[in-house]
Visitor: 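Please see the structure below; I have some questions.
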Amino acid sequence: MNDRQDVRPDQKAVADKKAARAHARQLLSNISAAQREEQSQKAAASFLNSSIYKDSECVAAYFSMPDEAGTLPIIARAFMDKKRVLLPRVAAGSNAMDFYELAAPVLGLQAIASNPAPVLGLQESLAAQTEANDWGIREPLATLPLVAKKQMPARTAILVPGLAFAKDGRRLGRGKGFYDRYLSELRAANPAFAAQGKLCGYCLEAQITDAVPTQENDVLMQVVFC
């Protein structure tokens with residue numbers, strides 16, 4: 001009698017993702033601070049010089065973690081270019097994520113214009129509008145304006161983080177499913193965004209890989225900047 005039980009496709013996908021996440025985290029831990037900074041600057045320049053950024057009226061970014069490509073240069077530039085800037089917030093005790101709009105830091109913009117290190121000034125300006133969540137990631141305060149999915153501007157470029165990306169747009173998240181759930185619901189609720197909005201993977205060059213395990217509910221990126 002054969003005691004082997006066949007592994008269902010969904011179980012295999014979960015196992016493949018778990019292994020891929022461990023591999024991706026190992027790769028990230030091997031990147032030096034200098035390499036991370038160089039690749040982070042390259043990723044930011046790639047996005048900011050793109051037609052996607054230039055054509056957008058709104059940038060939905062996020063506060064990057066220490067092992068991710070930095071997003072503060074993008075937030076600073078978006079404010080300078082007078083674009084709307086949104087950041088995600090996860091509702092406490094749930095898997096629900098929404099975007100909130102930041103107020104342009106007027107004093108911060110003056111500092112940005114004259115400061116060779118604009119990100120430092122921006123960090124100080126945004127501190128009053130954000131707070132750290134349970135994972136230590138800064139999120140917008142819940143008192144800021146919530147941008148409902150139906151009200152998301154059509155020409156919004158959404159930067160999406162991840163542990164690994166494939167060049168064809170496949171993305172490996174950190175396992176909570178916040179972005180896949182939100183982006184699926186956003187596209188269903190907002191036909192204008194579905195037609196004109198852009199889903200942009202954003203990462204370090206070291207996070208690009210040929211193979212990313214995916215499941216049916218995983219949302220593909222339209223472009224990956226690194």
Visitor: State whether the side chain of Gln207 and the backbone N or O of Gly162 hold a donor-acceptor pair below 3.5 Å, judged by distance alone.
Guide: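 Here the side-chain-to-backbone pair exists.
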Visitor: Atom CD1 in Ile75, atom OH in Tyr62: separation rounded to 0.5 Å?
Guide: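 These two atoms lie 9.5 Å from each other.
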Visitor: For the side chain of Asp16 and the backbone of Pro213, is there at least one donor-acceptor N/O pair under 3.5 Å apart?
Guide: no
Visitor: Phe193 ring centre to Lys198 NZ or CZ under 6.0 Å, with the angle to the axis within 45°?
Guide: no
Visitor: Got a salt bridge between Arg171 and Asp180, using NZ or NE/NH1/NH2 to carboxylate O under 4.0 Å?
Guide: yes
Visitor: For Gly70, is there any backbone N or O sitting under 3.5 Å from a side-chain donor or acceptor partner on Ser40?
Guide: yes
Visitor: Are Met97 and Arg89 side-chain neighbours, meaning at least one heavy-atom pair lies under 4.5 Å?
Guide: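 They are not in contact (no side-chain heavy atoms under 4.5 Å apart), so the answer is no.
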Visitor: Write down the atom of Pro153, the atom of Val147, and the distance for their closest heavy-atom approach.
Guide: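 Here Pro153 and Val147 meet closest at CD-CG1, 4.5 Å.
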Visitor: How close do Leu204 and Arg36 get, heavy atom to heavy atom, and via which atoms?
Guide: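 Residues Leu204 and Arg36, closest heavy atoms: CD2-O, 3.8 Å.
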Visitor: Decide whether Ser32 and Gln35 meet the rule of one side-chain donor and one side-chain acceptor closer than 3.5 Å.
Guide: yes
Visitor: Assert yes or no for the condition that the ring centre distance of Phe165 to Tyr202 is strictly below 6.0 Å.
Guide: no
Visitor: Looking just at side-chain N and O atoms, do Tyr182 and Asp98 make a donor-acceptor pair shorter than 3.5 Å?
Guide: no
Visitor: Would you call Arg138 and Glu131 a salt bridge, using N to O less than 4.0 angstrom?
Guide: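 No, this pair does not count.
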Visitor: Quick check against the 3.5 Å criterion: does Lys167 have a side-chain atom that pairs as donor or acceptor with the backbone of Ile208?
Guide: no
